[in-house]
Amino acid sequence: MIENLVIVESPAKAKTIERFLGSNYTVKSSFGHIRDLEKKDLGIDIENNFQPKYEISADKKAVVKELKALAKEAKTVWLASDEDREGEAIAWHLFEALKLKPENTKRIVFHEITKDAILHAIQNPRNIDRNLVNAQQARRVLDRLVGFEVSPVLWKKVKPSLSAGRVQSVAVKLIVEREREINAFKEQQYYKVNGIFETAAEQAEFKADVEERFDTKEHTLEFLEICKKAQFTVSQVETKPSVRKPSPPFTTSTLQQEASRKLGFSVSQTMAVAQKLYERGYITYMRTDSVNLSDLAIRSAKAVICQTLGERYSKSRQFTTQSKGAQEAHEAIRPTYMDKTAIEGDRNEQALYELIYKRMLASQMADAELEKTNITIRVSGSEIPFMASGEVVIFDGFLRMYRESHDDEHDDEKTTLLPQINKGNVVNRKLITATEQYTQHPPRYTEASLVKKMETLGIGRPSTYAPTITTIQNRGYIIKESREGVEKQIQQLELKEDSIQVFTLKKTFGTEKKKLFPSDMGMVVTDFLDSHFPNIMNYNFTAQAEEALDDIAEGDIEWQKMIGQFYSPFHDNIEKTLKNSERNTGARVLGTDPVSGETVSVRIGRFGPMAQIGEGEKVRYAGLRKGQLMETLTLAEALELFKFPRKLGMFEDKEVSVGIGRFGPYIKHNNSFVSLKKGEDDPASISLETAIQRIEEKRESDKNKQIKVFANGIMILNGRFGPYISYEKKNFKIPKTLKAEELTQEECQTIIEKENSKKTTSSKVKSRTTKASAKSKKTNTKTTVKATKAKKTKKEDTTDR
DNA sequence: CAGTGAGCGAGCTTCCGCTTGACTT
């Protein structure tokens with residue numbers, strides 16, 4: 001018999017709470033949502049006032065069974081899921097699925113995991129808030145309707161297996177629109193003038209720049225000529241104090257941004273590392289949109305600061321959340337114990353912890369006090385002045401602990417110290433340089449800056465930022481990659497003493513590191529959705545839906561009514577689009593092939609974007625190269641694609657040719673492929689000799705990979721995860737009980753047969769060559785393995801008890 | 001990993017938000 005059963009969402013939370021509550025309370029976790037709309041079909045009875053059809057999620061069957069058994073013998077069941085829309089719904093689903101009784105079920109909430117907060121919650125139970133639950137049901141049903149009615153339109157009109165949704169489609173649109181802004185951007189050349197001066201009295205050097213940009217070299221030279229003879233007089237000195245305040249402690253979004261900027265983490269990597277820190281009790285919950293801090297946390301931060309840095313550095317602050325649609329079920333992300341300055345763990349874990357620690361501590365520290373000085377230097381004979389600015393830190397305050405970084409940081413050395421200068425002083429020029437520059441297009445999104453943008457639009461939630469970004473990459477809508485910039489020659493003019501010299505420098509422009517680029521598919525799908533479903537693609541759609549959901553939560557409107565108002569025009573639009581719209585391949589005519597006179601065009605084909613010359617019998621195709629977009633491809637670039645594969649000659653009686661594939665240029669010989677050496681080989685000019693050399697190098701390195709080769713083509717190879725068997729281009733795992741070096745051909749044969757028979761029974765999907773099918777196959781086998789494992793562990797549990 | 005790009009038709013795909021593991025060729 002159990003006295004009290006408390007159900008929370010996270011197992012780590014359950015462990016902590018159990019410690020606070022003592023032996024009368026059994027604390028278990030639901031592992032998030034336990035029920036959802038039917039996985040297979042729409043799961044909504046449209047005819048019957050949008051009645052949702054729920055089922056226990058496949059991976060929660062065991063959890064539900066266990067909770068049900070415990071609930072049956074408990075005197076009181078406490079539903080302690082989070083205090084937000086989703087949490088309320090979890091409580092309700094638990095109530096329904098576990099068949100709880102109203103008389104001994106209590107709903108409690110707390111948004112900080114402290115003993116006081118939990119005991120207080122136990123003292124103040126309430127009932128499940130049905131209005132809030134209904135708001136969640138409306139949210140769920142809306143997302144299912146959008147996703148499961150729009151996606152099939154894409155299957156018919158664009159390509160099978162594509163997806164659309166309230167969140168993901170808008171996220172892709174952000175990337176597509178940014179790319180178009182960049183394409184439309186006309187870069188402008190200008191000259192930027194910087195100077196180094198010294199004071200007459202102390203001969204102290206300092207930097208000053210001209211804020212205006214010069215449009216031509218001639219104008220720049222004119223200015224330098226004036227400077228040559230000019231006197232430089234300090235016409236204004238302006239000093240004003242300023243303060244800088246620390247940023248609030250981390251939320252999911254800000255943690256992802258800072259970890260990306262400071263540690264180079266991807267958003268999913270940040271979440272994985274944070275999860276580990278959370279599970280080991282080092283930090284509070286990592287999926288939160290709140291900047292709230294518990295009183296205990298504020299007090300203990302104060303104690304640490306006063307003890308280590310002195311009282312002057314301490315300033316307790318509580319922050320309020322600004323972001324749109326925040327639900328604030330949790331605290332901000334902070335260390336659980338402020339006296340733990342460092343933790344055990346790998347390098348990434350330590351680095352992320354340090355970031356979280358410092359950010360939290362800094363948030364409880366005093367403002368930094370600065371003194372900013374701006375100096376204007378008049379140039380005799382010109383209206384254009386030089387400006388110098390300096391910053392002196394009077395009191396470092398929180399800056400001692402933490403400096404936030406920003407996306408738009410150009411290593412501006414604006415925080416330099418200025419020498420003592422007074423109005424009317426004459427200063428001497430040491431060196432004046434004018435450098436040719438280019439205006440910059442708007443920056444492409446990184447994963448983290450996309451999350452930031454989504455958060456400001458109120459799209460997505462802390463728990464979905466990382467998965468959403470993964471999804472749109474998996475669907476092939478966007479690609480994360482780094483691209484090398486282009487080297488340009490730029491001119492620099494230098495005025496030193498009495499001569500002006502001109503130099504030519506090389507500088508690389510447009511280098512992109514881990515940025516998000518749209519694919520052709522992303523652009524075609526975005527355009528299709530934008531033209532047929534402008535309502536859903538509107539950046540305000542989610543915000544407006546949230547307002548309606550708030551009304552439902554307040555009890556001002558019935559949730560089915562809200563859904564009904566959305567659904568009828570929406571569904572009509574679906575029907576209309578299915579009937580009237582054309583199949584969309586993003587086709588575009590580029591021009592005429594000067595050789596054949598045939599039309600050159602691009603479109604998305606069965607295997608992706610391609611270029612095409614002519615029609616009918618004489619048609620020729622060529623796939624687009626990495627980094628090329630149908631939208632911006634020129635006729636010349638398209639014609640270039642048809643120059644490969646190029647025949648080089650013969651080697652060992654087989655033809656050697658060079659081509660360009662998805663992973664760059666390659667040499668093909670006797671059905672095997674060898675990559676060209678980056679930076680050395682040029683596919684357009686590579687000789688037969690070099691190609692043969694590359695083939696022989698590849699053979700040598702392949703030899704080292706081989707452990708054993710059998711006559712019938714079975715090979716034992718050394719791979720990334722240890723030895724494996726390769727046969728007919730398929731790979732097979734070697735059971736851990738066997739030694740790779742000692743395997744015979746027969747033994748390999750049996751392993752292959754065994755694996756092959758397993759594969760055909762576990763996946764009914766016919767083997768296709770597309771990525772999507774390969775992936776679904778994987779998940780299929782995965783879930784079956786999981787299911788059997790779950791059963792096993794459950795059995796062990798019952799025998800133990 | 002890198003050739004490909006017709007057409008038919010069966011059977012499949014898909015959403016967003018809550019949570020953790022499992023396991024890689």
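The sequence lines fix the lettering, A, B, ..., with proteins before strands; numbering per chain opens at 1. Keep in mind the model is a prediction, meaning the values are calculated, not measured.
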Practice task
For A:K40, report the nucleic acid contact type (base, sugar-phosphate, nothing); a contact means any heavy atom under 4.0 Å.
Solution key: base
Handout entry: Among B:dC18, B:dC16, B:dG5, the nucleotide that comes nearest once only the side chain of A:E86 is considered
Key = B:dC18
Practice task
Measure the distance between the ring centre of A:F31 and the centre of the six-membered base ring of B:dT20, then answer whether it is under 5.5 Å with planes under 30°.
Solution key: no
Handout entry: Lys/Arg-Asp/Glu bridge criterion (N-O < 4.0 Å) met for A:D36, A:R140
Key = yes
Practice task
Examine distances only and state if a side-chain atom of A:E9 and a backbone atom of A:D82 form a donor-acceptor pair shorter than 3.5 Å.
Solution key: yes
Exercise for the section: For A:V167, report the nucleic acid contact type (base, sugar-phosphate, nothing); a contact means any heavy atom under 4.0 Å. Expected result: sugar-phosphate
Problem - Rounded distance in Å - CG (A:N670) to P (B:dA2) - result: 17 Å
Problem - Phosphate-side-chain proximity, A:T468 and B:dC16, N/O vs OP1/OP2 below 4.0 Å - result: no
Exercise for the section: Remember a base hit wins even if backbone is also touched, and classify A:A89 as base, sugar-phosphate or nothing at under 4.0 Å, heavy atoms. Expected result: nothing
Exercise for the section: Check DNA chain B for consecutive Watson-Crick or G-U pairs with both distances under 3.5 Å and list the runs of at least three as stems. Expected result: none
Practice task
Using a heavy-atom cut-off of under 4.0 Å over every strand shown, decide if A:G605 touches base, sugar-phosphate, or nothing.
Solution key: base
Fill in the blank from the handout: Rounded to whole Å, CZ of A:R166 lies from P of B:dT14 at a distance of 19 Å
Exercise for the section: Would you indicate what A:G623 reaches in the nucleic acid, counting non-hydrogen atoms under 4.0 angstrom: base, sugar-phosphate, or nothing? Expected result: base
Handout entry: Six-ring centre of A:F148, A:R144 cation under 6.0 angstrom, axis tolerance 45°
Key = yes
Practice task
Just call it for A:R461: base, sugar-phosphate, or nothing, with non-hydrogen atoms closer than 4.0 Å on any strand.
Solution key: sugar-phosphate
Practice task
Answer with base, sugar-phosphate or nothing: what part of the nucleic acid does A:S163 contact at a heavy-atom distance below 4.0 Å?
Solution key: sugar-phosphate
Exercise for the section: Look at A:R475 and B:dT14 and indicate whether a side-chain polar atom (N or O) is within less than 4.0 Å of OP1 or OP2. Expected result: yes
Exercise for the section: Using the six-membered ring for Trp and the full ring for Phe, Tyr or His, decide whether A:F148 stacks on the six-membered base ring of B:dC15 (centres under 5.5 Å, planes under 30°). Expected result: no
Problem - Minimum-distance nucleotide (side-chain atoms of A:Y285 versus B:dT20, B:dG17, B:dC15) - result: B:dT20
